[in-house]
2 protein chains.
Amino acid sequence: MLELKDLPDAHILKKFADRYPDADIDRVIQFLTFLRVATDLSNGLDRYLAAHALLQGRWWVLVLLMREEDSCSSPSRLAEKAGVSRATMTGLIDGLQRDKLVSRMVSFKDRRQMLVKLTSKGQAKLDEVMPEYYRRVRQLMTALSDEEGDMLMQILMKLNQQAQVFD
Amino acid sequence: MLELKDLPDAHILKKFADRYPDADIDRVIQFLTFLRVATDLSNGLDRYLAAHALLQGRWWVLVLLMREEDSCSSPSRLAEKAGVSRATMTGLIDGLQRDKLVSRMVSFKDRRQMLVKLTSKGQAKLDEVMPEYYRRVRQLMTALSDEEGDMLMQILMKLNQQAQVFD
DNA sequence: TGAAATTAATTAGGAAGCTAACTATAATCT
DNA sequence: AGATTATAGTTAGCTTCCTAATTAATTTCA
């Protein structure tokens, strides 16, 4: 949400600090900047993927399927691994199936379950998208030194341990 | 997208590395972990706000309005500061107006322009939400030492300078 | 001054996320 | 075995985000 270019000025900060004495300005700025940089990068990734008729959700389903031995999984397993609800996964698979990037079959072991399979067109789509994706990620992350990269992971792990502070 | 708990194992990594030689595994993991931790925190913030009938987009509009001298701004300025499209801002303001947290008036200087004003109910909503928000942000970010906090800002600035790698 | 270009906001239509409710199948437990 | 419970997937309806097209008002400039 926060645009980096207009962080609040001293006068505004005082207004908020007076009304809300629990505010810790430096830490709020760290938090908001973290969310904003991540959002910008996420939007950038979506713009790249959109040039190939994908967005993160659908692209990640293809990646997860390629990870499987037989390029096959079920909606609920995909939902869990992608970190989205099953309902959302139904919608993502619908779109991918429409574009013929995956196919759906009923499992004959358990007739409640569907099997989603990466098609050859889906694999071709990944082959089209992934090399450039990897090059760009490398270019992005090499802005950090090895030490900064290590420090980043350490920081992310600490923040991740606090992930439930908002619950 | 990536669930931290199921980072790909060595076998899968090799499959991807063989097919996509440009992949730099460590840096890809840093990148995906960064996005995932940010997504988890963002979702956490939304869960907190949802308990007060808000989500980040609408909440941020209220914060931006409170920053103004007269608690007033225009949709386009709000859109720019919040980093969303004007169309999105129209929708956010619609919802806030429905809940009587903001009011809309036509500007009499420029009749194309609307003025959006934080209502007293909107200010009350902020007073209800912000103190606990600040306490939780502090609790979250104090997981980092002062040095780690500084390092995080330095890293975020470097990543932000690369924000156009995906364009 | 009057046509053209610009600007502000909205509408229309679509994607991706959510929860809650529903259907169908499978598993469990008297 | 039959009733209950649990699981897999989908549907319905909502929010928030987008782009492109539209409407209305203002500004520019020939």
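Just so it is clear, the model here is predicted, and its values are computed rather than measured. Atom set for the values below is all heavy atoms of this structure, side chains included, hydrogens, waters and symmetry mates excluded. Numbers restart at 1 for each chain; the letters A, B, ... are given by sequence-line order, proteins then strands.
Distance, K109(A) NZ to dA26(C) P: 14 Å, rounded to whole Å. Spacing between atom CZ of R111(B) and atom P of dA24(D) amounts to 12 Å, rounded to whole angstrom units. The CG-P distance, from L35(A) to dC17(D), rounds to 13 Å in whole Å. Distance M114(B) CE to dA24(D) P: 14 Å, rounded to the nearest Å. With rounding to whole Å, D40(A) atom CG is found 14 Å from dC17(D) atom C1'. Here dC14(D) presents its C1' atom at 14 Å from CG of L92(B), a figure rounded to the nearest Å. In this structure, CZ of R36(B) is placed 10 Å from P of dG17(C), rounded to the nearest angstrom. For the pair I93(B) CD1 and dC17(D) C1', the interatomic distance rounds to 15 Å; values are reported in whole Å.
No salt bridge links R58(A) with D94(A); every basic N to acidic carboxylate O contact stays at or beyond 4.0 Å. The pair D99(B)-K125(B) fails the salt-bridge criterion, with no side-chain N (NZ, NE, NH1 or NH2) lying under 4.0 Å from an Asp/Glu carboxylate O.
Using cut-offs of 30° and 60° for the angle between ring planes, the Y134(A) and Y20(B) rings count as tilted. Ring pair F166(A)/F31(A) is tilted by interplanar angle, where 30° to 60° counts as tilted.
Contacts of R104(A) with the nucleic acid, taken as non-hydrogen atoms under 4.0 Å apart, involve only primed sugar atoms and P, OP1 or OP2. Residue contacts shown for R47(A) are absent, as no nucleic acid heavy atom lies under 4.0 Å away. Nucleic acid contact for R86(B): base, since at least one base atom lies under 4.0 Å from a heavy atom of the residue. Among the atoms of the strands shown, none is found under 4.0 Å from any heavy atom of D46(A).
Position along DNA chain D of the nearest nucleotide to N43(A) versus L115(A) favours L115(A) as the more 5'-ward residue. Residues R58(A) and A87(A) both approach DNA chain C. Their nearest nucleotides, taken by heavy-atom distance, put R58(A) toward the 5′ side. Both Q113(A) and D110(B) sit near DNA chain D, but only Q113(A) has its closest nucleotide nearer the 5' end. Nearest-nucleotide positions on DNA chain C for T90(B) and L54(A) put T90(B) closer to the 5' end.
Between Q30(B) and D26(B), the side chains place no donor N or O within less than 3.5 Å of an acceptor N or O (distance only, hydrogens not considered).
Listed nucleotides: dT15(D), dA26(C), dG9(D). Nearest to the side chain of R112(A): dA26(C). Side-chain proximity of S76(B) to the nucleotides dC18(D), dT26(D), dA9(C) is greatest for dA9(C).
If you run side chain to side chain contact (heavy atoms under 4.5 Å, CB included) between L62(B) and each of T119(B), V129(B), L92(B), L118(B), only L118(B) comes through.
In this model, the phosphate group of dA16(C) is not approached by any side-chain N or O of T88(A) to a distance below 4.0 Å at OP1 or OP2. Close to dG17(C), at under 4.0 Å from its OP1 or OP2, lies no side-chain N or O of S85(A). Residue R98(B) has a polar side-chain atom (N or O) positioned under 4.0 Å from OP1 or OP2 of dT15(D).
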